[in-house]
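Chain naming here is simple, since letters A, B, ... match the order of the sequence lines and numbering starts at 1 in each.
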2 protein chains.
Amino acid sequence: MTTTGADVAEEDRVFAALANATRREVLRLLREEGPQPVQTLADHFDMRRPSLSEHLKVLREAGLVSEQRSGRQRIYRLEAAPLADLQDWLHPYERFWRDRLKGLGALLDRMPDDDRT
Amino acid sequence: MTTTGADVAEEDRVFAALANATRREVLRLLREEGPQPVQTLADHFDMRRPSLSEHLKVLREAGLVSEQRSGRQRIYRLEAAPLADLQDWLHPYERFWRDRLKGLGALLDRMPDDDRT
DNA sequence: AGCATAAGTAGGAGATTCCCTACCCGTCAA
DNA sequence: TTGACGGGTAGGGAATCTCCTACTTATGCT
């Protein structure tokens, strides 16, 4: 678990990792079908395995997946901690859509955080 | 407001827009200090204005900011809808950190979504 | 030992990103 | 109307991304 202090480089790595449909699909597969070896993941993509390997490396370096060796297979598993951090990052923005639903948006948009009680 | 159907290209644009520290800082400034013209934003960055203009364009095309012309100024405003979508995208992953905190992580990691009640 | 399989690394091509300088367009003020 | 100002567009260069094919490494099977 990371502390609240936002390491910019780390944040960059997570957002950049997520900025690719293939890598987001890998995360979805790991979430819905559980940990699996590379080949099983690869079956879902129209892409050579080395390319997928590089995507997995990006995800690993962002801390979004971990690998566990089992024989000659490597089982990839979802690691959600960076996504929890992402939710934390999102929190200060929440009022911008919650308030808007209550019809207060236009007012609050013009009001800095500091002025709120 | 987007529907629940995830437009991949749109999602890509939002994640890609967020995968840059300058652009995230722009969003933070708009959130904390309210809508402002380009020059005021530019004061916070060690970067020429044309470069910032391009960052603003990326944010605009991701739907994360809107501009409103006022005389020869253009006032940029935070648009949080894509961030609300991002929070929705995050939801199915929540159990991976909530459950882990309860010590159920290892079990659920191995269990597909479909098997859950 | 000898071969097959799982998956990573090396290196390269083409596209994209991010910054720059130079220039253009619209608006306000003298 | 002429100039200054706010801000965008054009085009280019260095770095990075994303895919590929070829090759390497490690493990398991016979």
Could you tell me whether [X] contacts a base, only the sugar-phosphate backbone, or nothing, with contacts defined as non-hydrogen atoms closer than 4.0 Å?
{"X": "B/P37", "result": "sugar-phosphate"}
{"X": "A/F45", "result": "nothing"}
{"X": "B/R69", "result": "nothing"}

* Establish, with yes or no, whether the OP1 or OP2 oxygen of C/dC20 is under 4.0 angstrom from a side-chain nitrogen or oxygen of B/S51. => yes
* To do: Taking only the side-chain nitrogens and oxygens of B/N20, find out if one of them lies under 4.0 Å from OP1 or OP2 of C/dC18.
  => yes
* Asked: With no hydrogens and no angle check, is any side-chain donor or acceptor of A/R77 less than 3.5 Å from a backbone partner on A/P35?
  -> no
From [atom1] of [X] over to [atom2] of [N], roughly how many Å is that when rounded to an integer?
{"X": "A/L59", "N": "D/dC17", "atom1": "CG", "atom2": "C1'", "value": "14 Å"}
{"X": "B/L56", "N": "D/dG6", "atom1": "CG", "atom2": "P", "value": "16 Å"}
{"X": "A/I75", "N": "D/dA26", "atom1": "CD1", "atom2": "P", "value": "19 Å"}
{"X": "B/L52", "N": "C/dT21", "atom1": "CG", "atom2": "C1'", "value": "17 Å"}
{"X": "B/R72", "N": "D/dG6", "atom1": "CZ", "atom2": "P", "value": "6 Å"}
{"X": "A/R13", "N": "D/dT16", "atom1": "CZ", "atom2": "C1'", "value": "15 Å"}

* Is there a donor and acceptor pair, one atom on the side chain of A/R48 and one on the base of D/dC20, closer than 3.5 Å? -> no
* **Presence of donor-acceptor pair under 3.5 Å, side chain of B/R49 and base of D/dG7** => yes
* Given C/dC20, D/dC20, D/dG7, which nucleotide is nearest the side-chain atoms of B/E54? -> C/dC20
* Asked: Which of these nucleotides, C/dC19, D/dT9, D/dC20, is closest to any side-chain atom of A/M47?
  -> D/dC20
* Go through the steps to decide whether A/E61 and A/R13 satisfy the test salt bridge (charged side-chain N to carboxylate O under 4.0 Å, His left out), and finish with yes or no. => CA-CA 7 Å; A/E61 289 175 348; A/R13 247 174 271 130; over 6 Å; no
* Looking at the rings of B/W89 and B/Y93, which for Trp means the six-membered one, are their centres under 6.0 Å apart? -> yes
* Asked: Distance only, no hydrogens: is a donor on one side chain within 3.5 Å (strictly under) of an acceptor on the other, for B/E94 and A/Q87?
  -> yes
